[in-house]
Every structure is written in structure tokens, then in C-alpha cells.
Amino acid sequence: MSASSYSTHKDQLCLKVAVPLPVRETFHYAVPGELREKVKVGCRVRVDFRSREVDGYVLEEQPAGRRENLKEILKVLDPEPVFHDSLVPFLTWMADYYLCPIGLLIRSVLPSALSQRVYKTARITEKGEKASGLLPADSEERKWLIWVKENPGRKIPFSAGKARSFEREGWIVVDEKRGSRRAGPLMRKFVRPHDRDGLKALLKEKRQSFKAANEFQFLETLSNSRGIPLKDLLSRFSNGAYLVRKWKDRGFLETYTAPVPRNLDGGSLFPPPAPFDLYEQQERVLSAIERGLDRRVFMSYLLHGITGSGKTEVYCRAIEYAIRQGRKAILMVPEIALAVYMEGIFRSRIGDRIAMYHSGLSEGERYDQWMRIARGEVDLVVGARSALFAPFQNLGLIIVDEEHDLSYKQEEAPRYQARDAAVVRGKLEKAVVLLGSGTPSVQSFYNAHTGRYTLLSMPDRVEKRPMPEVRIVDMKKFSGAGEKDEIISPVLKTALDNVLASGKQAMLFLNRRGFHRIYLCRSCGRSLRCPNCDLALIYHLKQNRLVCHYCGFYQELRSDCPSCGSLGLKPYGFGTERLEEILQALYPDRCIARMDRDSTRKKHQTFQMLKKFSRREVDILVGTQMITKGYDFPNVTLVGVIGADFSLGFPDFRAGERTFQLLSQVAGRAGRGDQRGQVIVQTFNPDHYAIAAAKEHDYHGFFEKEKELREQLGYPPFSFMACLRLQGNNKKRTAEMAGWVARTMSSLLKSWPKRGKEIHVLGPVEAPLSKIRGKYRWQIFVRSRKTWLLHAFLERVENVCEKKLNQAGVQLVIDIDPYQML
Ligand SMILES: [Zn+2]
Ligand SMILES: [Zn+2]
């Protein structure tokens with residue numbers, strides 16, 4: 001449609017725009033005539049919002065109708081949309097469900113290269129100058145005022161709250177500045193023939209008459225190309241700069257700039273396995289998925305396939321099928337290293353129409369990958385949870401591998417569960433969603449149980465390889481036998497000796513999860529638990545007592561165990577570093593390596609470490625849960641679990657589930673080759689149902705028991721939960737506000753006669769990690785059997801509390817379906 005057809009007022013278009021600020025609403029803007037052709041849904045536009053310039057996102061074009069006096073957008077920032085209208089319903093749902101302002105959500109979802117940094121700077125006033133002279137010499141205020149005086153226009157190093165209070169005093173004036181764009185397309189200068197035929201003719205006629213020795217070669221190379229990066233020419237021809245200038249001046253060559261994709265190191269970790277014939281169970285599962293794809297409606301499947309049952313091959317074929325239908329696919333995996341591994345496999349199968357998307361990429365790489373997806377240049381995206389937002393049109397299939405993995409929960413704003421959200425995206429875009437796991441989350445399996453998901457299962461290992469033998473070692477026997485035996489039992493030591501002697505490899509797993517200490521009875525193996533919630537109590541150093549983080553119950557420290565009466569209660573704790581040291585002392589001439597968050601900070605370290613391990617350059621690999629993820633190491637015949645009690649002692653209603661999953665995943669690492677693997681689990685709780693079920697590889701037994709316990713205590717999936725976290729710089733005020741919010745919540749519920757009783761508020765309680773990065777933390781848990789009720793209530797609470805909390809300098813963070821109880 002031409003621009004002129006909009007000319008009458010009646011037909012005027014307006015845009016629905018989301019702004020990246022903490023506001024729930026979207027806003028309408030008019031489009032000036034000259035921008036009509038440029039603006040599209042999914043473009044960023046600069047708008048005047050509450051008298052400042054803000055870059056918003058176009059969500060919808062609508063007739064302006066009766067809306068009058070709309071402000072006009074100032075500028076269209078993108079020559080092409082950065083997402084499509086098909087993604088808008090999903091983004092809207094995300095914002096509503098996870099209570100996140102939609103503009104902020106979109107900003108965090110887009111590659112960060114697309115958002116310009118806005119930062120605050122300050123200038124000192126006359127009053128401020130005076131104040132800085134009068135304030136006590138050692139006061140913080142004085143220090144900052146002097147900083148402002150000396151650094152006008154620089155980004156302020158103190159908090160926005162402090163800046164506001166200085167501004168209220170009239171000491172400073174705060175300004176906002178816009179940073180430069182951090183990354184965009186990588187632009188390169190190219191050279192190409194301006195007149196190819198002319199150039200060819202010239203080469204034929206005047207072959208002998210070129211002066212420089214390589215001039216003929218230079219022109220011939222160019223005459224055969226569509227364009228060569230200038231940089232390449234300069235490195236191949238030492239006089240390249242001169243030659244380019246000379247032949248450009250004569251009209252035979254021309255230069256131009258064009259975007260180039262950044263080089264991605266997409267090498268595969270191990271040679272990808274050649275496709276083999278499918279096993280019967282794979283055929284069956286695949287044909288169910290293909291039938292779903294054929295119907296072109298939303299379908300959700302839970303694939304319960306034990307480790308080693310051949311899930312990856314099913315994923316491959318399902319993705320190939322969707323691509324053959326002309327549709328797009330997303331494959332989500334829990335770890336970046338696993339994404340790199342999977343990408344290697346898929347690149348060998350489907351070629352270059354594949355993109356990687358995860359936080360391990362540089363800003364520029366993320367931008368390039370995102371834009372390739374948005375332009376429709378790829379068919380498959382492989383990535384971690386952020387791949388969920390891949391701006392595809394015509395999405396056909398979303399696969400969430402290892403769907404039970406905790407890394408799908410994003411713990412920073414926007415807080416969302418990528419696996420659950422994937423199901424919603426599939427529903428909104430009529431795609432098939434396949435969740436796969438060897439140990440499905442209780443939540444997903446329950447959904448399959450109640451018919452929300454279709455259950456598919458692959459109960460056998462490929463080639464019918466036997467499941468590894470799992471041995472449980474009761475560590476109570478070695479209590480007091482000295483640190484070495486308490487960490488590596490004689491049973492495990494003997495097994496390690498044998499493995500190393502036969503030239504095989506071992507993995508030792510220790511799940512410390514940031515907790516240094518749990519309180520554990522060395523006689524009976526129980527940890528202290530809350531009588532109301534059945535959660536492990538957490539030691540709070542300052543008050544020197546044990547607290548239930550969930551309901552607030554606490555008790556003094558004691559050494560006598562309430563379960564068995566012995567004086568065996570003691571703190572228990574050590575980390576992967578200590579384990580590595582002990583192993584090195586036991587096996588001085590062996591290569592021991594450690595893989596945890598500390599040892600793999602850098603982007604490629606994890607990858608390098610796994611490569612070394614797969615090349616058998618490492619004998620024993622020690623690690624946290626990072627090493628449990630789906631890699632295939634055929635030479636590993638022994639897996640040891642060092643402190644199974646660490647995950648059982650976690651203050652979380654999912655502790656049993658996590659323990660079962662971890663043990664099963666770890667066990668799956670053993671015996672992937674020809675030899676049957678062995679797993680040794682060291683624990684003080686050999687009879688715990690999660691450990692006993694993992695020993696028997698009995699998922700169903702575990703699920704039934706877990707379901708029963710959750711139902712009794714009203715935990716999810718039998719309820720919906722939210723965690724309200726209050727954080728502030730002032731300890732006393734944060735505590736007071738937590739109390740006030742909880743009281744406000746209770747009185748809101750009392751004034752809601754019918755529904756109030758269906759919502760339960762627990763707390764406030766000081767968070768187990770009571771101070772993080774200088775912020776004091778309290779939490780309040782809310783739960784209800786009805787998700788809409790919970791949401792309506794939380795929105796009320798937020799509205800009622802917002803103003804007072806802002807004034808008090810305390811931040812309220814709402815975490816829907818929380819996983820993190822710390
Ligand atoms: Zn005891
Ligand atoms: Zn409790």
C-alpha cells in the first residue's frame with residue numbers, strides 16, 4: 001500500500017509500543033508520513049516518553065480510530081524487524097504470567113547489542129559545593145560529592161537511590177546519557193569488478209603489458225569473484241592497496257561495505273556418530289512425533305527415555321522431518337558445552353542452515369545469529385534457555401532436552417522457566433513441543449499423568465546395554481575414621497585402584513551447591529528438618545541457630561539428635577577442591593582434573609576440559625553437576641558420588657527429586673561403551689527413598705512416593721507457588737518492610753471473603769543467604785491451588801505495596817514458580 005493512501009485522518013495508523021521501563025502498560029504513538037513505509041512490527045522506534053527519549057518496540061499496527069493527539073514516533077531504528085508479529089502473543093503472555101514489564105522483557109530477550117546503554121551522570125550545584133565543605137571529612141556523602149565535582153559527565157559509581165537523595169538536597173543535578181551502540185553487524189570493505197566484461201577483455205588483450213609482476217594475477221582473481229574482502233586482498237598482494245586504487249580510478253573495480261557473519265567456533269567435540277538404523281522403540285516414538293507434526297496443531301509430548309536409549313537420534317530425525325515440512329525448529333539443551341556438542345552433530349546432518357544461541361557468545365555473535373534467524377536464513381537454532389525466544393516465523397518444533405534440568409529456570413529478571421514457557425510458545429504458534437529426559441521432572445511427569453502431555457517412552461538402552469550396577473556405601477561406618485576415609489571410602493578407593501590399573505577412566509561427582517555446611521547426624525544419617533514443612537533447617541551463623549527458610553521455624557543448635565538421641569549431630573562439608581587434593585595425594589602420578597564453576601569461568605574452558613577427558617589425557621575427572629550432563633565417554637567405567645547427602649540436605653521441597661535426578665544422571669555416565677559400568681554412591685542415608693529408587697533405576701517407584709509426599713504437604717504440582725523477595729541496603733528497614741508486606745498480604749486476604757482462604761502466605765523469613773552483594777534479603781512464600789487466583793492476588797499486592805517500598809528503598813522481586821529457595 002502506498003503512503004498516500006493513509007492520508008485521510010480516519011485511516012491513520014497508530015503503533016502499540018512497549019517501552020523498556022518498569023511499567024506494565026503499552027502505549028500508542030502515531031506515525032509521521034515519512035516513516036510509514038519504514039516502520040514494521042518488531043522494529044525498534046525512538047519515542048518521547050514522559051519527556052525523555054526512549055527506544056521502544058513496535059508490537060502492533062492498528063487503525064488510530066478515535067485516538068487523537070497521539071505523539072508521533074521520532075525515528076525508526078531498524079531497517080528490518082528484529083522479531084515478527086508471530087512472537088508478540090508469546091512475549092505478551094510471558095510478561096503477564098511472570099509479572100515482568102513487557103518492554104523490559106523484550107529488551108532482555110533481544111541481543112544486548114540492540115539496546116543502548118542509558119546511564120546516569122551528575123553535575124554538582126553551588127549548594128553541593130558548599131555542602132561538601134561542611135560535611136564531616138570522613139562522611140560518605142562528602143566523598144561522593146567530591147567525586148561528582150571532579151568527574152562531571154561520567155557514569156556515577158553510586159546507587160540511583162543515593163543520586164536521588166542528593167538531588168532532593170539540591171546538591172547535584174542528575175542527567176541521563178545514552179551510550180554508543182555496542183555491536184551491530186560486523187561491516188567489512190569489499191572489492192569487486194565494476195565492469196566484469198570490460199575487465200575480462202582487458203585481461204585478454206593486454207596480458208603482456210602489466211607493469212607490476214602480480215598485477216595480472218590480481219585482476220584475474222577479482223574478475224572471477226563476486227567480491228573479495230579488502231583485508232584478504234591486502235594480505236595476498238603486498239601492493240594491493242596501490243592496485244585497488246589504480247584500477248578503481250580507471251573504472252574497472254569498485255569498493256563497497258557489507259556485513260559479514262562473525263566466525264563461530266562451531267567445531268564438534270567428538271566425531272558425530274554416523275546415522276544408524278532406528279531401534280524399534282525409536283521408530284515408535286518418532287512416528288508418533290511425525291504424526292503430530294503432520295497435523296500442524298499444537299501437541300506436547302514428554303519423552304521418557306533413559307540415558308543411553310538413543311534420544312539424540314530421535315531429536316535429529318524429528319528436526320529433519322519438521323524442516324522437510326518447510327518449518328523451523330528450536331533445540332534447547334541445558335549447558336552451553338552441550339549446545340556446542342549438539343551443534344557439531346546437527347551441522348554434519350543438516351548443513352549450515354543452523355544457528356547457535358546462548359550466553360557464551362559475544363555480543364556481536366549473538367547479534368549476528370539473532371538476525372540470521374529473524375531473516376529466515378536458518379532452519380534450526382541450538383542453544384541454552386535463551387534460544388526459546390528465537391525470532392522464527394513458521395515454527396514447527398521445539399525440543400527441550402533434559403527438561404528436568406534446573407538451568408531452564410532463569411534466576412535473574414525476567415524470571416521464567418524456559419521449559420514451561422516453551423510449551424506455551426508451542427501452543428500459541430501451533431507447534432509440536434517435545435520435552436525429553438531420562439528422569440523427567442515431577443511437574444512434567446505429573447502433567448503426562450493427568451493427560452496434559454502425551455507420554456512417550458523408550459525404556460531400553462540402545463543395543464540393550466545393561467544399566468550400570470549401583471552400589472550404595474553407608475558412610476556412617478566410616479564416621480571418625482579420619483578425613484581421607486570420610487571423603488573417599490575404602491570401597492571407592494579399591495574400585496578406583498582397579499579402574500586405573502585397567503586403563504579406564506573415572507568420574508567423581510560432588511554436589512556442593514554453594515553450601516558449605518549441613519547439619520547431619522553421624523549415627524543415624526538424618527539432617528535436622530522443620531517439623532511443619534519437612535525441609536532441611538539451615539544454619540544461620542549470626543544468630544547461631546537453625547532456621548526453616550520457608551515458614552520461619554527455628555531452633556537452637558544442638559548436638560543431640562532428635563531422631564536417634566545420640567550426640568552425633570555435626571556440621572558436614574567440603575568441596576571439589578579438597579576432593580581433588582586428596583585424590584592427587586592418593587594417586588600422585590595420575591592426572592586428576594576438576595570441573596566446576598570456579599575452574600571453568602572462561603568460555604572455552606569447559607569445552608577444552610571435556611576434550612582432554614575424551615582424549616583420555618585425564619584419569620579422574622572431579623566435578624559438580626556440570627559433569628552429569630549428557631556427554632558420551634565410552635572409556636568411563638566408574639562413577640563415584642561423594643556426598644549424596646548434600647543434595648538431600650538442601651532446603652527445598654524438590655530435594656528428593658533433585659537427588660534422584662542427579663544420581664540417575666551420574667549413573668548414566670558409566671558404562672557407555674562395551675563394558676558394564678559401576679556406580680558407587682556414598683551417603684549417610686542409604687535408605688532414603690530417592691537413593692533407594694535411584695539404585696534400582698526405578699523412576700516410577702520414585703514418582704509415586706514423591707507425588708504422595710507433595711500432595712500431603714500441598715507442594716507443586718498440587719499447588720502454584722510464588723516467592724516474594726525483599727531486598728535492600730538497610731538491614732533494619734528491609735526486615736521492617738518484609739514484616740509490613742506480610743501483614744498487608746494477610747489483611748488483603750481477610751478482606752477477600754470467598755477467595756482469601758484459598759491462598760496461603762508463609763513468612764516473612766530471612767533468606768538462607770541473608771545478604772548477597774551488599775543487599776539484605778527476606779522472603780515470603782505464597783501458594784494456591786489456582787494459578788489465576790495467585791496472579792490476581794500478587795498484582796494487588798504489588799500495586800498496594802509499590803509506593804511505600806520505593807520510599808523505603810526496598811526492592812520487591814516476585815519469582816513465579818520459584819526453584820531457588822535461597
Ligand atoms: Zn541421629
Ligand atoms: Zn518450616
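Numbering of residues begins at 1 and proceeds along the displayed sequence. Just so you know, ligand 1 is whichever comes first in the structure, and atom 1 is the first atom listed for that ligand.
- With waters left out, the protein N, O or S atoms under 2.8 Å from the Zn ion (ligand 1) add up to 4.
- Checked against the 6.0 Å centroid criterion, the rings of W93 and Y98 qualify as a close aromatic pair.
- Distances shorter than 2.8 Å separate the Zn ion (ligand 2) from the protein N/O/S atoms C530 SG, C533 SG, C548 SG, C551 SG.
- To the nearest 0.5 Å, atoms CD1 (I816) and OH (Y97) are separated by 6.5 Å.
- Within the 4.5 Å cutoff, the side chain of L105 has no heavy atoms near those of the Y416 side chain.
- Annotation: cation-pi geometry not satisfied between R452 and Y446 (NZ/CZ under 6.0 angstrom from ring centroid, within 45° of ring axis).
- A cation-pi arrangement is present between R545 and Y554 under the rule of less than 6.0 angstrom and at most 45 degrees off the ring axis.
- Within the model, atoms CZ of R594 and CG of L621 stand 11.0 Å from one another, a figure rounded to the nearest 0.5 Å.
- Geometrically, R710 does not engage F653 in a cation-pi contact, judged by NZ or CZ lying under 6.0 Å from the ring centre and within 45° of the ring axis.
- The aromatic ring centroids of F445 and H700 lie less than 6.0 Å from each other.
- Separating the CD1 atom in I680 from the CD1 atom in I642 is a distance of 9.0 Å, to the nearest 0.5 Å.
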